[in-house]
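Here the structure comes first, spelled out in structure tokens, and everything after it is commentary.
Because only heavy atoms are used, hydrogens play no part in the values below, and waters and symmetry mates are left out as well, while side chains stay in. Order of listing sets the numbers, starting from 1, for every ligand and every atom in it.
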Amino acid sequence: MATDVKASGNAAPAEAGRDFIRDIVKADIDAGRVKEVVTRFPPEPNGYLHIGHAKSICLNFGIAQEFGGRCHLRFDDTNPVKEEQEYIDAIERDVRWLGFDWGEHLYHASDYFERLYGWAEDLIRAGKAYVDDQTHEQIRVNRGTLTEPGKNSPFRERTVDENLDLFRRMRAGEFPNGARVLRAKIDMAAGNINLRDPVLYRILHASHPRTGTAWTIYPSYDFAHGQSDAIEGITHSICTLEFEDHRPLYDWFIANLAVPSQPHQYEFARLNLTYTVLSKRVLTLLVRDGHVSGWDDPRMPTLAGLRRRGVPPAALRDFVRRIGVAKANSLVDVGMFEFSVREALNKSALRRMAVLKPLKVVIENYPDGQVEELDAANHPDDPAAGSRNIKFGRELYIERDDFMENPSKKFFRLSPGTEVRLRYAYFITCREVRKNAAGEAVELRCTYDPATKGGNAPDGRKVKATIHWVSAAHAIAAEVRLYNPLFVAPEPNVAEFAADLNPHSLEVLADARLEPALAEAQPDTPVQFERNGYFCLDADSTPGKLVFNRTIGLRDTFAKDVAKEKTANPAQRS
Ligand code: ATP
Ligand code: MG
């Protein structure tokens, strides 16, 4: 894939919305509790960002912009086993592409490993943390349940000196993975399970993308997150609802450690989308097991996939603004996202003609060798977009689906004896159908009416259909990839996602024909193939072989398409 992503000219405007988090921020500023709002987006670099992250990015960076504060990009890199440099690079690229800039405020939880370690020793010295030798399984069992309190560890009453000694030896790499952990000493009978002596440090002999082998113990998410917020002076630490029950622990650390500031955590509902899986675990498996071509496969809900598919960043921002921010979890219809994509593309995409499944047309009364240049508008609503010349000749291609030999009642396009308008050109009438041995139409012999140039008949006669076409002599061949939903179930079963995969999510049309202007297409410049949808050039293109992706169809045929998928004869999909 192309790795350089243009960020210039793409900065997200401050699109203020109103929601309970913005209300809290505003109230804090109005009351003088906060002078400058500081937020952060804290991805764990264990996968690519997806459309759910876009909601969090727009919220955190958006609030900072709207209230004149700043937003940090902070990698939550506390688990070296799952984290990779590739993900770090992809996350930076994708946040920029979405239109946001962290300026010099790029941070890593790993930047704070030494300070976090120091605070852990402080807790030990204060009698508020201890080294536990129980196994992972024993710790789990002794934690209790929602209805039963937990049991104190037999190691809970170790002396400060013994704890300090063991913790320092954990750091020195003396013990194998899993041998011991450091736990906070809070309350094994707490109603909130997160307060039952949570794990602060675990032993992990693993190389870290940034700190290498300097550390053999790593802090837990809970121990790292709030303290990192405090170090950076974060005022509003915004996260998703599953962390609501962690907030008392977040506050406990802030209250019990000599941290430089007092951040607060606020929770909002994560984005869930129909026909879409946003679990990083599942997305990783889709890539690893080859269900898709990679993290940037255009069927993936990742920002890299959506970008490659041709979705403009403005469409993502618009979608996030429309769905708003709430405190209750819900499921958003993917149709809402598609609405935002069409809105953005309709405004920006230049119109072109492309025939996806070509059927040859020969105009018998058009002089052999003659070529005419016709003027075609680039955008119907935007005269400033100008026009281009398209060439018309005796041999053309039209869309196979625009012809029916035995038309059904409601089919008004081309059939033997009927007349249709060729967009920007002439009326033609089908006179004869030539077929191959299998009985399939391979060529239509037609005539044109020279008096209808430009698309109107001087005698006022009407035609019921206008179809698109390309000149056979001038068209360029291309591969076109049509994407259908990756999952057939509105709410895919995350545990057994493979069963819900759509076997027809990718349809490759190997021999599409495009008007020559499309030779100049660029991956980040969407186009509309008239009557067929919005498309963009794929990074797989080479000068000799262009590949286009369908970003989205022109109309919302989603529900219908999915119903069709279920019964599906893939060959008949269009
Ligand atoms: P993991 O299971 O690896 O923690 P994650 O999706 O939570 O997965 P993070 O990298 O921790 O990934 O997420 C970074 C930020 O994005 C977090 O603040 C998280 O709350 C937010 N986020 C993740 N998924 C969504 C979502 N679907 N909607 C809104 N925000 C999300
Ligand atoms: Mg997370």
Structural part of Ser279 in contact with ligand 1, heavy atom criterion under 4.0 angstrom: neither
Between Asp538 and Asn549, a side-chain donor and acceptor under 3.5 Å: yes
Donor-acceptor side-chain pairing of Asp296 and Tyr48 below 3.5 angstrom: no
Tyr107 six-ring centre to Arg40 NZ/CZ under 6.0 Å and within 45° of normal: no
Distance-only N or O hit between ligand 1 and Ala269, under 3.5 Å: no
Min heavy-atom dist Phe243 to ligand 1 below 4.0 Å: no
Phe113 ring center within less than 6.0 Å of Tyr218 ring center: yes
Geometric N/O contact Leu278 with ligand 1, under 3.5 angstrom: no
Contact check: Glu242 vs ligand 1, nitrogen or oxygen atoms, below 3.5 angstrom: no
Structural part of Lys280 in contact with ligand 1, heavy atom criterion under 4.0 angstrom: side chain
Distance, nearest 0.5 Å, that separates CG of Leu241 from CZ of Arg270: 9.0 Å
Per-residue contact class, Asn272 against ligand 1 - non-hydrogen pairs under 4.0 Å: neither
Residues Glu242 and Thr240: side-chain donor-acceptor under 3.5 angstrom: yes
Residue portion contacting ligand 1 (non-hydrogen atoms closer than 4.0 Å) for Arg281: neither
N or O contact, Arg40 vs ligand 1, cut-off under 3.5 Å: no
Geometric N/O contact His53 with ligand 1, under 3.5 angstrom: yes
contact_flag His50 ligand 1 heavy-atom lt 4.0 Å: yes
Donor-acceptor contact below 3.5 Å, side chain Thr235 vs main chain Val38: yes
